[in-house]
Amino acid sequence: MPTRATAIAGANIAFIKYWGRASSSPLVPLNSSISMTLDAAHTTTTVAFADDYADDSLTLNDAPAGAEAMLRASRHLDRVRALAGTAARAQVVSRNSFPAASGIASSASGFAALTVAAAAALGLQLTPQQMAALAREESGSAARSLLGGYVEWDAHAPDQACVRQLAPETHWDLVDVIAIVSEAAKPVSSLGGHALAHTSPLLGARIAALEAALAQTRDAIARRDLAMLGEVAEADALSLHAIALTSRPPILYWQPATLTILHAVHRWREEGLPAYFTIDAGPNVHILTTRAYAEAVAQRVRALEGVSNVLVCGSGSAPRLTDEHLA
Ligand code: PMV
């Protein structure tokens, strides 16, 4: 009989982003980061271990996973197996709540859900911090998805305190309106981007500015101050993309529609709509606003040329186990 467990974990959007590594193994980020866990963008994953499975298998959104995804999942399962002292192979079935080709990064919610489900299936009693320390080895941003609400991943803290909740999801009705402009794979993976960051002559300037930006972000969250948060989140996203653009070789994640949305957000703000943008390592734009304005922002985004889909996410809770198994 296989032993199995199913977990649901939210993706997250970083206001201050992790870009660049001080060390790859163990994974130490160059800087601390702060995010909000998302409610409407999540991954559900069932992991079943059995001694008679010949090898690991992975089904992603109802289709067999490609070689790269399989390799990463297996490598991650090895970390959990090592802790449990087992060599049993696993059958993994995983599904995202967001469209498969939406261009939304699923690695944060995916590796958070895989960590929680695999640990539970093997009977490991791990704290969220221990699971975050495991998850970050495969996807740095996944570490923050082990907690709900507003979360800081501290670059300098020991493993048992690497992530901490700054405020629960009920603290503030902040909303992330995600404007999807491209469903194509990005030109350079975030893994490649982290490595190339060190070739940018601007990296030192970014790192030097981060302590103040982190402090402003913590403060803005505590005060529920959208203007304060939005200002620092926009600056941080542009700083990350400045590093990407000045890496050797350069990485250009933006599409024409990306820029259309950035200008639109500034225009809407001048017109009185409280909206601020942030952009991950890709062409999609996340627009931060509060619940009262979310529908107005979503409507305006849908009307922009080049936007193929819009997702509205509030702040979500920590991963949870469920009995509704996918397999
Ligand atoms: O989660 P990773 O290791 O693929 O890194 C991605 C980091 C960004 O999403 C670009 C920023 C962040 O902190 O979420």
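Read the numbers this way: they start at 1 and go in the same order the structure lists the ligands and their atoms.
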Per-pair distances, 0.1 Å, donor-acceptor, side chain in residues 319-327, under 3.5 Å, sequence neighbours excluded:
unit_1	atom_1	unit_2	atom_2	d
T322	OG1	E324	N	3.0
H325	ND1	T6	OG1	2.6

**Test ring pair (Phe, Tyr, Trp, His ring centres under 6.0 Å) applied to H194 and Y18, step by step** = CA-CA 9 Å; H194 290 301; Y18 147 56; 4.0 Å; yes
**Request:** Calculate, to the nearest 0.5 Å, the distance between atoms CD1 and CD1 belonging to I261 and I287 respectively.
**Result:** 6.0 Å
Could you pull out all donor-acceptor pairs under 3.5 Å where a side-chain atom in residues 263-277 meets a protein atom, sequence neighbours excluded?
unit_1	atom_1	unit_2	atom_2	d
H266	NE2	E234	OE1	2.9
R269	NH1	E234	OE2	2.8
R269	NH1	A275	O	3.0
E271	OE1	R300	NH1	2.9

**Fill in**
CZ (R218) and CG (L166) are apart, to the nearest 0.5 Å, by 7.0 Å
**Request:** Check ring-ring contact (aromatic ring centres under 6.0 Å, His included) between F111 and all other residues, then give those that pass, not counting sequence neighbours.
**Result:** H76
Check ligand 1 for N or O atoms under 3.5 Å from a protein N or O and list each pair with its distance.
unit_1	atom_1	unit_2	atom_2	d
ligand 1	1 (O)	S139	OG	2.9
ligand 1	1 (O)	G140	N	3.4
ligand 1	1 (O)	S141	N	2.9
ligand 1	1 (O)	S141	OG	2.5
ligand 1	3 (O)	G140	N	2.9
ligand 1	4 (O)	S190	OG	2.6
ligand 1	5 (O)	H194	NE2	2.9
ligand 1	9 (O)	D280	OD1	3.3
ligand 1	13 (O)	Y18	N	2.9
ligand 1	13 (O)	R144	NH1	2.9
ligand 1	13 (O)	R144	NH2	3.2
ligand 1	14 (O)	R144	NH2	2.7

